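Because the structure is a prediction, the values reported are computed rather than measured. Because only heavy atoms are used, hydrogens play no part in the values below, and waters and symmetry mates are left out as well, while side chains stay in. Proteins come first, then strands; the chains are lettered A, B, ... in the order of their sequence lines, and each starts at number 1.
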There are 2 protein chains.
Amino acid sequence: MAYKATTLNTISNQIDTILPLPSLEKELLLSHLQRMEVAKGKLIISAGKIGHHVYFIEEGLARAFCENQRGQTTIWFGQEGDVMLSYLSFFKDKPGYESIELLENAVLYRISSKDLRELYRQHIHIANWGRKFAEYELLKAEQRFMDLQFKTATERYHDLLVNSPAILKRVQLGYIASYLGITQVSLSRIRSALK
Amino acid sequence: MAYKATTLNTISNQIDTILPLPSLEKELLLSHLQRMEVAKGKLIISAGKIGHHVYFIEEGLARAFCENQRGQTTIWFGQEGDVMLSYLSFFKDKPGYESIELLENAVLYRISSKDLRELYRQHIHIANWGRKFAEYELLKAEQRFMDLQFKTATERYHDLLVNSPAILKRVQLGYIASYLGITQVSLSRIRSALK
DNA sequence: GCCTTTTTTTAACAAATGATAAAAAATTAA
DNA sequence: TTAATTTTTTATCATTTGTTAAAAAAAGGC
């Protein structure tokens, strides 16, 4: 059974985690969100197409992946509390690199890019909330880049074990391997060396 | 001789490139900027320390680098029009991963983190300017990550040749190699294979 | 110019990862 | 449960990149 939803992972708390909003702006932002229950396997965002919404994950698991010569490479996992979007689509109205699919049945909230941009334009608290959102995503991207540049695949796997055990439990190893930037065979070698 | 400064690379135009500001907010932001002439070799930001300013490069060239087992690895080059900062320091008041040093004599403009945050808090246009800044930096970081994940060192070198020939002319190959995530010996092999 | 120092290239060998194929284990469906 | 399918591991060999050392080329100082 899925764990009982508490106030800790409600959409309202997700918003406050980025930057607490005054009640007026909070209600305004919430009023533009649309709740969706989506089945496992559904493609939320398609590579090469412009995504017109930003999604908040209240429950469920998703992955972003790119198609390339060797098939699909997973570049991101998202779970409860994460925000799901194509940066290129939302920031520049351009087609994104990646597709995003649900790996489990999910409860999502979405807002259209158009609505969110209008809220940014009119309300300074929401503009600063959007700035904080971009800044935190940038810190995550920087961390990700540094890991890829400076750590070995073995270290990155170990980091996942320590920092994101939930992902490892919920996802098959082929996806993990491509997320780490190595082949599944290589990941299998790393795992057997750890025993 | 350095090229003559035109309106194209003034600090004022750098700001508008991120997001054009109304004249009131533009003047306000400019009034907080301090002009500096800095000599080649100067360390602007130090790894492990909190950087308290954000810098705009009007003239000159800089690199960010990290110390690690193999010495220094260059992770970024900045030239005319680029903004220079530690993300961790400015966004979270934490010590950053990287040091930034000037590779040429430079003309910089700087603003304190404190002042810029206060402008974000009070002026919606500046808040949205700051949001756009973070969004564009995030797109650059995403591009960088994708390149490292999906392209070979040879392809990354070729991209530099095509997209940033100025950097290649101004910087020694050892820095370029570490920026590409390979050794200088490897870069030399790549270069000789292209002939 | 010439000498010193720094940068770049080349060579030889080691280590890590990729590609492919096949075996083993786990999962799913009837 | 059994059979089919999917996932994971193991093995072999090729390729790429790293390490170290030395030679060649370029840059800087006197």
Side-chain angles (χ1 to χ4, degrees), chain A residues 39-41 61 63 65-75 77 101-105 145 147-161 165-195, chain B residues 1 39-41 61 63 65-75 77 101-105 145 147-161 164-195:
Chain A
K40 170 178 171 173
L61 182 67
R63 72 170 186 125
F65 62 93
C66 295
E67 299 278 355
N68 55 359
Q69 309 92 302
R70 325 189 207 306
Q72 299 181 343
T73 299
T74 298
I75 57 168
F77 293 109
E101 72 171 2
L102 289 174
L103 300 178
E104 298 177 358
N105 293 333
F145 173 81
D147 286 351
L148 200 53
Q149 181 84 291
F150 293 112
K151 292 183 178 175
T152 64
T154 304
E155 289 172 316
R156 294 200 299 277
Y157 175 68
H158 192 256
D159 287 353
L160 260 193
L161 273 176
I167 297 281
L168 275 172
K169 275 175 205 136
R170 291 165 90 173
V171 165
Q172 69 192 54
L173 291 179
Y175 293 164
I176 300 286
S178 74
Y179 177 82
L180 294 173
I182 56 178
T183 60
Q184 178 160 352
V185 175
S186 239
L187 175 56
S188 193
R189 278 192 284 238
I190 288 168
R191 283 163 59 86
S192 73
L194 286 184
K195 285 169 196 164
Chain B
M1 181 190 127
K40 170 176 172 174
L61 181 68
R63 72 171 185 124
F65 62 93
C66 295
E67 300 278 355
N68 56 359
Q69 309 92 303
R70 322 189 208 309
Q72 298 182 342
T73 300
T74 297
I75 57 168
F77 293 109
E101 71 171 2
L102 289 174
L103 301 178
E104 298 177 358
N105 292 333
F145 173 81
D147 286 350
L148 200 53
Q149 180 86 290
F150 292 113
K151 293 183 178 177
T152 64
T154 305
E155 289 171 316
R156 295 202 298 280
Y157 175 68
H158 190 258
D159 287 352
L160 260 193
L161 273 176
S164 310
I167 297 281
L168 274 173
K169 276 176 205 136
R170 292 166 90 173
V171 165
Q172 67 193 54
L173 291 179
Y175 293 164
I176 300 287
S178 74
Y179 177 81
L180 294 173
I182 56 178
T183 61
Q184 180 161 351
V185 175
S186 237
L187 175 57
S188 193
R189 278 193 284 238
I190 288 168
R191 283 162 58 87
S192 73
L194 286 183
K195 286 170 197 164

For atom [atom1] of [X] and atom [atom2] of [N], their distance in whole Å:
| X | N | atom1 | atom2 | result |
| --- | --- | --- | --- | --- |
| B/K40 | D/dG28 | NZ | C1' | 11 Å |
| A/L148 | D/dT17 | CG | P | 14 Å |
| A/I190 | C/dA16 | CD1 | P | 11 Å |
| B/L180 | D/dT16 | CG | C1' | 15 Å |
| A/F150 | D/dG18 | CZ | P | 13 Å |
| B/L187 | D/dG18 | CG | C1' | 14 Å |
| B/Q184 | D/dA24 | CD | C1' | 14 Å |
| B/R156 | D/dT16 | CZ | C1' | 13 Å |

Decide yes or no for A/R63 and A/V171: does some side-chain heavy atom of the first lie under 4.5 Å from some side-chain heavy atom of the second? no
Where the side chain of [X] is concerned, which of [options] is the nearest nucleotide?
| X | options | answer |
| --- | --- | --- |
| B/R189 | D/dA11, C/dA12, C/dT9 | C/dA12 |
| A/V185 | C/dA11, C/dA21, C/dT7 | C/dA21 |
| A/S192 | C/dT10, D/dT10, D/dT7 | D/dT10 |

Just call it for A/I182: base, sugar-phosphate, or nothing, with non-hydrogen atoms closer than 4.0 Å on any strand. sugar-phosphate
Where each residue is assigned the nucleotide of DNA chain C containing its nearest heavy atom, which of A/T152 and B/G174 is assigned the position nearer the 5′ end? B/G174
Let me know, please, whether A/T154 or B/S188 comes out on the 5' side of the other along DNA chain C by nearest nucleotide. B/S188
Between the side chains of B/Y179 and B/R156, is a donor N or O closer than 3.5 angstrom to an acceptor N or O? no
For C/dA19, take OP1 and OP2 only and decide whether either is under 4.0 Å from a side-chain N or O of A/T183. no
Does a side-chain N or O of A/R191 approach OP1 or OP2 of D/dT9 to a distance below 4.0 Å, or not? yes
State the OG1-CG distance between A/T74 and A/L103, to the nearest 0.5 angstrom. 8.0 Å
Return the set of residues passing side chain to side chain contact (heavy atoms under 4.5 Å, CB included) with B/Q172 (not counting sequence neighbours), or none when no residue passes. B/Y175
Side-chain (A/N105) to main-chain (A/K40) donor-acceptor, under 3.5 angstrom: yes
